[in-house]
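Owing to the predicted nature of the structure, the values given are computational and were not obtained by experimental measurement. Reckoned from all heavy atoms, side chains included, excluding hydrogens, waters and symmetry mates. FYI, the numbering just counts along the sequence from 1.
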Amino acid sequence: MALPDRRRINGPPGATAPPVFFSQRPPPPRLRAPDGLRKIFIKTSLTPPATGSAFFELSAPNTLKLSASVYGPRPLPPSAGFSPHARITAELKFAPFSTEGNRRGYVRDALERDLSAQLQIALASSVKTAAYPKSGIDVFVTVLDCEGSIEEGGEWLGCMQALAGAITCSSTAIADAGIECVDLVSAGIAAAVEKESGIELVMDPSPLDRYDIKAAVLVGYMAGRDELTLMWTKGDLEIVDETGKSGEFENVVDKAVGVATQMRAVLNEAVKERVVIGLEAVEKTAEKRKTVDEMNG
């Protein structure tokens, strides 16, 4: 009786058919009103090693998830020259599994460096840097789930949504760290889309809404001071129309500021919840010390 060859991997005894993979279904069309915003979830103090942290998520079906961690203020190395103001550095990184298609690398590319620079500009105006001389404040943002594609030359609206969420989440993390600020920064996006009836302004657009977007505007807005810390525009918009009146650009900016204002309300509630938890912890500690003193007395 012949023994089987154990070194050979035998195929299945019966016939087999190759697997067939169905293509992904396209996302459903936008069901929200043009001025409707998605639900927002913000939670603070989720990264224990960090001085302050926050988690940001936009509701389904078009989700955006990212986390921000703040370290500092901490002293600069002796090799750094004296600075009367704190140095703020920001780094935005996409997780390898955050985007559709091919996995992203671990080394920062040009797109991430550009978004990091814009994030730093948006946050620098809100922090009281003069209160922390010769100190550094480091902000790290990781995008866990991104809407649509963010490849360069592709869906730039996905990059804008990621940056807007990073600005709001980072400002929440800075407040959670107890760093002095002149105001909190929230970000909003509005777009001008082309329809059969003409140009329509849409608040909080998503790259999965399947709109024919003509132009979009992202703003970083401090609602308490009524100031813009960042403005990023894409597309073609008229600043002044033929009659000399304000054109589409000013209207889209006003819509983006409206989105940032509504984002600010959620940001305020997240910071308020963190403050209430901190006050409760202080009261409990004071009660315990009082009880211990009474027992020892």
Side-chain angles (χ1 to χ4, degrees), residues 37-71 88-101 103-109 111-123 126 137-151 155-177 184-189 204-208 216 218-221 229-230 232 259-260 262-264 266-271 273-274:
L37 274 64
R38 289 168 287 179
K39 294 182 179 179
I40 309 164
F41 175 80
I42 301 179
K43 185 68 175 178
T44 59
S45 302
L46 295 180
T47 308
T51 310
S53 61
F55 175 79
F56 178 92
E57 180 180 0
L58 289 177
S59 63
N62 306 334
T63 60
L64 173 66
K65 301 176 183 178
L66 48 87
S67 63
S69 302
V70 176
Y71 296 87
I88 301 176
T89 59
E91 178 179 334
L92 188 148
K93 187 76 176 67
F94 290 93
F97 50 83
S98 61
T99 58
E100 297 179 353
R103 292 173 62 89
R104 298 186 62 86
Y106 292 94
V107 181
R108 286 201 306 168
D109 53 16
L111 174 62
E112 293 172 337
R113 286 193 293 269
D114 183 24
L115 295 179
S116 300
Q118 297 191 56
L119 175 61
Q120 179 177 343
I121 294 173
L123 299 175
S126 65
I137 301 174
D138 302 322
V139 181
F140 300 94
V141 178
T142 303
V143 180
L144 304 174
D145 189 3
C146 186
E147 298 178 294
S149 173
I150 59 169
E151 299 299 330
E155 295 290 344
W156 43 264
L157 186 58
C159 299
M160 298 181 77
Q161 281 288 5
L163 179 60
I167 293 173
T168 304
C169 187
S170 299
S171 185
T172 308
I174 290 174
D176 182 55
L184 300 178
V185 184
S186 58
I189 300 177
D204 188 24
S206 171
L208 303 180
L218 179 151
V219 297
Y221 182 61
T229 62
L230 179 70
W232 181 15
V259 176
Q262 298 186 49
M263 289 276 190
R264 175 62 183 269
V266 183
L267 194 157
N268 290 344
E269 289 297 325
V271 175
E273 180 183 358
R274 179 69 183 97

(request) State, with a plain yes or no, whether a side-chain heavy atom of Leu92 is found less than 4.5 Å away from one of Val143. (result) yes

(request) Answer yes or no: is there a side-chain heavy-atom contact under 4.5 Å between Thr168 and Ile42? (result) yes

(request) Starting at OG1 of Thr172, measure out to CZ of Phe55 and round the result to the nearest 0.5 Å. (result) 12.5 Å

(message) Can you confirm whether Trp232 sits close enough to Leu163 that some side-chain heavy atom of one is under 4.5 Å from a side-chain heavy atom of the other?
(response) yes

(request) Would you indicate whether the side-chain heavy atoms of Phe56 and Leu64 approach each other to under 4.5 Å? (result) yes

(message) Looking at Thr229 and Gly220, would you say the former's side chain and the latter's main chain have a donor-acceptor pair under 3.5 Å?
(response) yes

(message) I need the Ile167 CD1 to Ser186 OG distance, nearest 0.5 Å.
(response) 9.5 Å

(request) Hey, could you give me the OG1/CG distance between Thr63 and Leu58, rounded to the nearest 0.5 Å? (result) 8.5 Å

(message) Tell me the closest heavy-atom pair linking Ser116 and Ala90, and the distance in Å.
(response) CB-O, 3.4 Å

(request) State whether the side chain of Gln161 and the backbone N or O of Pro205 hold a donor-acceptor pair below 3.5 Å, judged by distance alone. (result) yes

(request) Examine distances only and state if a side-chain atom of Ser126 and a backbone atom of Leu184 form a donor-acceptor pair shorter than 3.5 Å. (result) no

(message) Donor-acceptor pair, distance only, cut-off 3.5 Å: does the side chain of Thr142 make one with the backbone of Ser67?
(response) no

(request) To the nearest 0.5 angstrom, please state how far the CD atom of Gln262 sits from the CG atom of Leu37. (result) 5.0 Å

(message) To check you understand the geometry: which heavy-atom pair defines the closest contact between Arg274 and Ser45, and what is its length?
(response) NE-OG, 2.6 Å

(message) Rounded at 0.5 Å granularity, tell me how far CG in Leu144 sits from NZ in Lys65.
(response) 8.0 Å

(request) Quick one: list whatever passes side chain to side chain contact (heavy atoms under 4.5 Å, CB included) with Asp114, sequence neighbours left out. (result) Gln118

(request) Taking all non-hydrogen atoms of both residues into account, name the closest pair between Ser206 and Leu157 and its distance. (result) C-CD2, 3.7 Å

(request) For Asp204 and Arg38, indicate whether the former's side chain and the latter's backbone hold a donor-acceptor pair under 3.5 Å. (result) yes

(request) Looking only at non-hydrogen atoms, find the nearest pair between Ser53 and Asp176 and report the distance. (result) N-OD2, 3.1 Å

(message) So that I can tick it off, tell me whether Lys43 and Glu57 are bridged by a salt bridge, with the cut-off set at under 4.0 angstrom between side-chain N and carboxylate O.
(response) no

(request) Could you point out which residue of Ile88, Val70, Val185, Val271 forms a side chain to side chain contact (heavy atoms under 4.5 Å, CB included) with Ile174? (result) Val70

(request) Using the test side chain to side chain donor-acceptor pair (under 3.5 Å), find all partners of Asp138 that sit at least two apart in sequence or belong to another chain. (result) Arg74, Thr89

(request) Could you tell me the separation between the OH atom of Tyr221 and the CZ atom of Arg264, rounded to the nearest 0.5 Å? (result) 9.5 Å

